[in-house]
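Working notes, structure below.
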Amino acid sequence: MTAPLSPAVDYLSGLNEQQRQVVSSADGPCLVLAGAGSGKTRVLVHRLCYLLDRGVPASSIVLLAFTNRAAREMVSRVERMMGSCPRHLWAGTFHHIGNIILRRYGRHLDIPQNFTILDEEDSVRLLKDVVDGFGSPEEFPHARKIREILSFSVNTVTPLRDVIASSMPRYASCAHLLEAVATEYQKRKKRLNALDYDDLLLQWHRLMTREDIGRRISEGFRYVMVDEYHDTNRLQSLILYQLARVHRNILVVGDDAQSIFSFRGATINNILEFTRVHQDAKTFTLTMNYRSTPEILALANDIISRNRIQFPKKLVTLRTTGVKPVLVRCSDARSEALYVAQRLFQLISAEVPPSDIGVLFRSRYQAAELEIELTKLRIPYVVRGGLRFFEQAHIKDVIAFLRVAENLREEISWRRIFSLCDGIGKKSLERLMEVLAKSATLEEFAAAVQELKLPARGEETVRTVFAILASIRDNPDPAEAVDRVLNNFYRKYLEKHFRDDRERIEDVEGLKEIASGHDSIQGFLAEASLQESFRGERHAAGLPVVLSTIHQAKGLEWRIVFVIGLCANHFPHQSATADIRALEEERRIFYVAVTRAKEDLNLTYYMRDAFRTLPSRKSIFIEEISEGLVDEWFYS
DNA sequence: CTAACGAAACTTTTT
DNA sequence: GTTTCGTTAG
Ligand SMILES: Nc1ncnc2c1ncn2[C@@H]1O[C@H](COP(=O)(O)OP(=O)(O)OP(=O)(O)O)[C@@H](O)[C@H]1O
């Protein structure tokens, strides 16, 4: 290999000494432990460039991030720095990488190449079906709850029984029944040729522990890098261990104070045990914050210092003095929305780029009032959090057609499709499912349905469905497929059943546009279940203001940040106030929100909840702020 | 057997 | 706001 003309030293500029150390010497297992805004992500990007520059093939590097958006952002930064796009770099969430690997090597585990990925709603539906089959006599948790428990058990690598005993003692009495449900659920997934989100990790791990194939995969990955390591779970740490077992070049970066995903099994034990699990691991720390003004950091430090079960940490900055964070009291949720909307309007009128502004909240519903006001003022925005674009009912309805075209056995989508059919009710649906179970091909199924003597109207709609599916199979172009479903069937359904059919049709047309970026249905379906895109994110007019849950704002930054809804009733979340560990995690969520701001931080709360007779008051996280760290305003 | 209507009971955070 | 349940008419 010839020496590159541009020396690797380029990628060491724009870094401080501690950061340079990591970029140039993070071989072997390395843990970078550093606070918010200290340049962890920047270090990963520079390290990537450094490796590529020295001739490491992109295809032998895997970058695991918490969201696909974050991974894309890092890759595009690499691209900007190197001036070219690194081809075949592995970058994405654990689930995304797991999906690719299982498509490629799944046959070693008897997983067919065309498996369907069940999203959360699909899993719950399947579980509900299983539970109904059991006929629950006593008090039994809701399918949603069961999914949560099973998922937690998989992600923490803990037997179901232990999960129930430790976090769901209420259901200890029916633990045996829950285990039976779990077993049946696994069987049903197998029969449907489907994997749920947890399986993407679980089966990937199973694959990695196979001596032959696991070693071969690991051999392919010379460098493994992980961002946001504090929000990985035990199963993920086991995958990483196997993934890096040949070359042992594993670089993880994280900050225990920003761990906010314990509800899906994330644990800072992964950080704490890293040097023990990976022999001879090096530890690096970055101590300088480059993001925020001293005033913002003073508040952040004050907030996190209230946590008892937390390693003490103080952020230090070189940035010059700015303005104190502002705390604004409003009368109710609407007036808070009015205040924020007006401020945004002023800022944007004063030529502040909307993309410099972020509005953050604990829960998705807290953005509702603000959305109304922003629409009135014609301020473009996107909301990140809550229901993803691909999880909307009308999108899933259309996707269901592509899913069964791809995987005939996938009953969840069949049920979905048939319940859209005029003239098909509960009884016909069950009969159709019985026939499906006995059919090996689409033709067989269609033929058997003819014999069924469905009600006349039902018969006709079902025939339309089969015609559409046959045409999708003959011409498996994703965009064409979406178009055919919409125009030969679904448009009529929407017009008949919904007042907001126009919007929904627009969404489906948006779906078609996304589909046109794919040449295989399988690739398109993977995007639909694994990408975290939200409504309006794609075709947003101009640069929209971002409204985001704090969870979705991880790793991001804005010059101006608003954190809204800091009321006792909403933040910390109600169910998290009793348990100290849960409460401290809520405090970390607030800490993450505050540390997103570079220069200008605005905190708002209100005194009256519209739908409650109880008065509201400020969040305890606001109450406990030390004297003199914020300026208090009132808005009415 | 299906469709349509209204009441009631949920609604944290994510892949 | 949305899903789920029961009731009733066709
Ligand atoms: N050496 C440096 N010189 C100048 N700016 C820097 C330096 N290191 C980091 N920054 C800037 O500081 C900001 C925070 O960096 P980065 O996002 O990498 O931090 P982080 O540690 O990943 O933060 P978080 O933990 O909040 O995700 C970015 O705007 C980045 O460009």
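Chain identifiers are assigned alphabetically (A, B, ...) following the order of the sequence lines, protein sequences preceding nucleic acid strands; residue numbering begins at 1 within each chain.
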Next item on the list: Looking at every strand, decide which applies to A:Phe94 at a 4.0 Å heavy-atom threshold: base, sugar-phosphate, or nothing.
Entry: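 Contact class for A:Phe94: none.
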Next item on the list: Step by step, work out the side chain to side chain donor-acceptor pair (under 3.5 Å) result for A:Asp196 and A:Tyr185.
Entry: CA-CA 11 Å; A:Asp196 63 20; A:Tyr185 174 62; 2.9 Å; yes
Which nucleotide in the set [options] lies at the smallest distance from any side-chain heavy atom of [X]?
X        : options               : answer
A:Thr67  : B:dT13, B:dT15, B:dA3 : B:dT15
A:Lys427 : B:dT2, B:dA3, B:dT13  : B:dT2
A:Arg362 : B:dT15, B:dT2, B:dT12 : B:dT12
A:Glu120 : B:dT15, B:dT13, B:dT2 : B:dT15

Acceptor/donor pairs from residues 575-582 of chain A side chains to any protein atom, 3.5 angstrom cut, sequence neighbours excluded:
{"unit_1": "A:Ser575", "atom_1": "OG", "unit_2": "A:His573", "atom_2": "ND1", "d": "3.0"}
{"unit_1": "A:Thr577", "atom_1": "OG1", "unit_2": "A:Gln574", "atom_2": "O", "d": "2.8"}
{"unit_1": "A:Asp579", "atom_1": "OD2", "unit_2": "A:Ala582", "atom_2": "N", "d": "3.2"}

Checklist line | Distance below 4.0 Å between A:Gln236 side-chain N/O and B:dT14 OP1 or OP2 | finding: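 For B:dT14, neither OP1 nor OP2 has a side-chain N or O of A:Gln236 closer than 4.0 Å.
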Margin query: On the nucleotide B:dT12, are OP1 or OP2 found under 4.0 Å from the side-chain N or O atoms that A:Thr549 carries?
Written below: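 No, outside the criterion.
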All N/O donor-acceptor pairs, side-chain side in residues 455-462 of chain A, below 3.5 Å, sequence neighbours left out:
{"unit_1": "A:Thr461", "atom_1": "OG1", "unit_2": "A:Asp422", "atom_2": "O", "d": "2.8"}
{"unit_1": "A:Thr461", "atom_1": "OG1", "unit_2": "A:Arg457", "atom_2": "O", "d": "3.1"}
{"unit_1": "A:Thr461", "atom_1": "OG1", "unit_2": "A:Gly458", "atom_2": "O", "d": "3.0"}

Item checked: Value in whole Å for how far the P atom of B:dT13 lies from CD of A:Glu584 ->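 After rounding, the gap between these two atoms is 22 Å.
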Checklist line | Any donor-acceptor N/O pair under 3.5 Å between B:dT12 base and A:Ser575 side chain | finding: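 Donor-acceptor pair under 3.5 Å: yes.
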Notebook entry, point to check: Which value, rounded to the nearest 0.5 Å, describes the distance between A:Asp397 atom CG and A:Ser413 atom OG?
Noted result: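 It comes to 9.5 Å.
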